[in-house]
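Structure first, then comments.
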2 protein chains.
Amino acid sequence: MRIFNFSPGPAVMPLPVLEKAAKELVSYGDSGMSVMEMSHRGKAYMEIQSAAESLLRGLMNIPQNYKVLFMQGGATQQFSAVPLNLCVNGKADYIVTGSFAKKAAQEAQRYIKVNVAASSEDGNFTYIPDEFNLSANADYVHYTANNTIYGTRFASVPKTGGVPLVTDMSSSILSEVFDISKFALIYAGAQKNIAPAGVTIVILREELIGHALPVTPHMLNYKTHADEDSLHNTPPCYSIYMMKLVLEWLKEQGGVPALQKMNEEKAKLLYDQIDESKIFSNPVAPRDRSLMNVIFVTGNENLDKKFVKEAAAAGLSTLAGHRSVGGMRASIYNAMPLEGVKALVGFMKKFETENK
Amino acid sequence: MRIFNFSPGPAVMPLPVLEKAAKELVSYGDSGMSVMEMSHRGKAYMEIQSAAESLLRGLMNIPQNYKVLFMQGGATQQFSAVPLNLCVNGKADYIVTGSFAKKAAQEAQRYIKVNVAASSEDGNFTYIPDEFNLSANADYVHYTANNTIYGTRFASVPKTGGVPLVTDMSSSILSEVFDISKFALIYAGAQKNIAPAGVTIVILREELIGHALPVTPHMLNYKTHADEDSLHNTPPCYSIYMMKLVLEWLKEQGGVPALQKMNEEKAKLLYDQIDESKIFSNPVAPRDRSLMNVIFVTGNENLDKKFVKEAAAAGLSTLAGHRSVGGMRASIYNAMPLEGVKALVGFMKKFETENK
């Protein structure tokens with residue numbers, strides 16, 4: 001029996017992808033072995049990794065002068081890798097819109113001078129600032145495209161006046177159309193919209209490679225991975241294989257534009273229900289509301305707990321909000337079907353009737 | 001159809017483990033979701049990770065004053081993490097017995113003073129040195145327990161006179177009994193004897209934690225992972241789940257002593273066949289021969305290629321030696337069944353008759 005899983009990450013994956021993976025887990029194609037057992041230098045596996053990269057390039061429309069790297073360590077490891085690799089003048093601007101954005105800035109500060117160009121911490125990260133105090137000669141501007149914990153997102157890409165733009169896209173990559181040419185570097189842990197945890201995607205302009213600080217560990221240097229097509233050492237092969245299956249599925253659905261349309265429909269259903277409700281509310285400024293992570297609270301901690309518990313019993317799982325926000329959070333990534341959101345909306349209506 | 005897979009890593013996994021994983025891939029127990037989809041902060045996943053650690057502690061008899069960490073980036077990332085974390089006096093001794101040992105020393109040299117205490121590079125790494133030129137006040141001595149590429153291993157643990165001993169155990173962990181108390185730190189990429197690629201195991205004495213150099217990236221600092229039970233950020237959950245299944249299987253087989261006996265039997269079968277052969281030979285000093293990676297060459301490149309090709313056609317896969325050694329290599333990790341080795345020995349006999 002499958003349930004509807006609203007986990008913020010690792011998160012729901014497409015059922016046909018899981019079914020396919022299960023079917024070929026013991027023996028992949030005519031290889032006579034599992035993908036988990038394949039040498040990463042062998043033809044069968046290298047074809048999988050190469051297909052995953054091609055699919056990603058096609059789906060995101062990644063220009064030719066960008067490299068795609070498959071790394072490890074999650075977005076958190078990129079918090080170090082970004083300043084270590086991109087630092088030429090020794091300073092960068094950070095837009096702080098949530099816990100992860102703040103952690104990224106704190107880690108960067110260990111290597112370079114960080115200017116907080118804007119922060120919404122004063123409002124408990126319930127909004128996205130629209131004015132940025134950018135510094136002169138910054139190596140880059142860093143922002144978090146979607147804030148998983150606070151349920152906010154940048155509705156448009158920040159303008160930096162030509163300064164390279166770096167974004168943590170972990171919770172919105174492939175969920176809406178982005179013009180990649182606006183970015184110098186995009187990174188994303190895979191475990192929300194792409195694949196099981198274990199692989200980190202880095203997409204960056206080629207000219208940014210090769211300028212790492214001398215203290216950069218070899219495995220955090222983008223050049224190490226770019227020079228050897230992400231096969232410098234054993235990559236997280238099975239996660240990359242699962243990514244390939246997810247990207248094939250995504251293509252079958254009509255690609256990112258079709259998914260974006262579906263994601264907007266799913267989010268609207270939920271936000272409309274919240275806005276019509278007399279017991280639920282969403283603290284986020286409407287124009288900054290996330291399409292991926294929908295926050296709702298009753299204002300009564302016990303009632304929130306009751307909701308989460310009864311929802312779980314009804315097959316709607318992992319709806320508790322992050323401890324720093326409280327209440328509920330429904331994460332509705334690409335793989336969450338419309339029927340899952342409809343089931344949640346139905347449950348919210350029923351709960352409201354029973355608890356008003 | 002399954003074949004016998006002699007890949008050096010990622011490598012063969014136990015068939016019952018793969019079958020179990022396939023069966024519960026779409027929905028784990030009564031959770032209604034795949035392990036790949038579970039929040040790493042949820043009860044179901046945390047129980048898996050905790051069970052994996054307990055099993056590892058039991059099977060390796062890890063003392064209480066050691067921490068077990070699940071990290072990412074493979075052994076290669078540990079080449080940086082070890083000197084960054086263990087450096088107090090700023091120098092360390094490295095015993096260089098293969099390419100990976102050499103890479104570890106080279107990476108350490110970027111952060112600390114490295115003394116090569118011994119090297120077998122003069123003999124193309126076909127033997128293990130038995131005298132070490134240890135330096136005074138070294139922070140640690142580093143060695144590679146088993147050399148995957150060259151088919152050698154340390155038959156006994158090097159004596160360091162009290163200096164902390166660090167080992168890369170990627171290709172021999174859990175294949176033979178080690179007295180953990182002899183080591184300060186053990187690290188191992190999982191993709192040979194433990195799990196699919198993506199998780200790195202670090203076992204270290206607690207007192208070594210907390211002395212990292214200031215330039216250490218947060219994710220490479222052992223303290224980051226020790227303080228949060230390897231849940232600082234999203235771990236490679238599915239690889240850790242697979243590790244748990246492999247460790248359960250290993251326990252059912254009778255644990256490490258039973259596996260060691262089986263590994264010795266498998267290796268003896270192969271080495272005996274090579275030593276009796278008139279066309280195959282093994283370049284390694286007999287006392288230093290690996291139990292995990294068995295090298296054999298004909299001395300004729302074309303004949304080697306013919307062997308690899310015909311073996312593959314007979315369902316004996318991935319037997320080509322590493323490009324720096326040539327010839328053949330049969331990697332016979334824990335999960336390679338005795339019948340696989342018997343099939344290989346049978347094929348070698350047949351090939352010799354046909355090609356003498």
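Computed from a predicted model, the values in this text were never measured in an experiment. These values consider heavy atoms only, across backbone and side chains, with no hydrogens, waters or symmetry-generated copies. Labels below follow one simple rule: chain letters A, B, ... track the order of the sequence lines, proteins then strands, and each chain is numbered from 1.
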What part of [X] gets closer than 4.5 Å to chain B, counting heavy atoms only: side chain, backbone, both or neither?
{"X": "A:Glu107", "answer": "side chain"}
{"X": "A:Met13", "answer": "both"}
{"X": "A:Pro8", "answer": "neither"}
{"X": "A:Ser317", "answer": "side chain"}
{"X": "A:Phe79", "answer": "neither"}

| field | Atom pair CE/CD1 of A:Met33 and B:Ile3 - distance to nearest 0.5 Å | value |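 Reported value, rounded in 0.5 Å steps: 4.0 Å.
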I'd like to check [X] versus [Y] (side-chain heavy atoms, cut-off strictly below 4.5 Å). Are they in contact?
{"X": "A:Thr200", "Y": "B:Gln72", "result": "no"}
{"X": "B:Met219", "Y": "A:Gln78", "result": "no"}
{"X": "A:Leu220", "Y": "B:Leu220", "result": "yes"}
{"X": "A:Tyr45", "Y": "B:Pro10", "result": "no"}
{"X": "B:Met242", "Y": "A:Met36", "result": "yes"}

Name the atoms and distances for all side-chain donor-acceptor pairs under 3.5 Å in residues 17-29 of chain B, with sequence neighbours left out.
| from | atom 1 | to | atom 2 | distance (Å) |
| --- | --- | --- | --- | --- |
| B:Glu24 | OE2 | B:Tyr241 | OH | 2.7 |
| B:Ser27 | OG | A:Met1 | O | 3.3 |
| B:Ser27 | OG | B:Gly32 | N | 3.4 |

| A:Gln191 and B:Glu37: side-chain donor and acceptor closer than 3.5 Å? |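 Distance-only check fails for A:Gln191 and B:Glu37.
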| query | Quick one: which residues of residues 229-239 of chain A reach chain B at under 4.5 angstrom, heavy atoms only? | reply |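 Against chain B, the residues of residues 229-239 of chain A that fall inside the cut-off (heavy atoms, under 4.5 Å) are A:His232, A:Asn233, A:Thr234, A:Pro235, A:Pro236, A:Cys237, A:Tyr238.
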| task | Select one option (side chain, backbone, both, neither) describing which atoms of B:Tyr111 are under 4.5 Å from chain A's heavy atoms. | result |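 The side chain, not the backbone.
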| query | Which region of B:Arg110, side chain (C-beta onward) or backbone (N, CA, C, O), has a non-hydrogen atom less than 4.5 Å from a non-hydrogen atom of chain A, or is it both or neither? | reply |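 The side chain, not the backbone.
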Give the member of [options] that has the highest number of heavy-atom pairs under 4.5 Å with chain A.
{"options": "B:Gly73, B:Ser34, B:Ala75, B:Ser7", "result": "B:Gly73"}
{"options": "B:Thr216, B:Val199, B:Leu213", "result": "B:Thr216"}
{"options": "B:Gly198, B:Ser80, B:Pro196, B:Pro217", "result": "B:Pro217"}

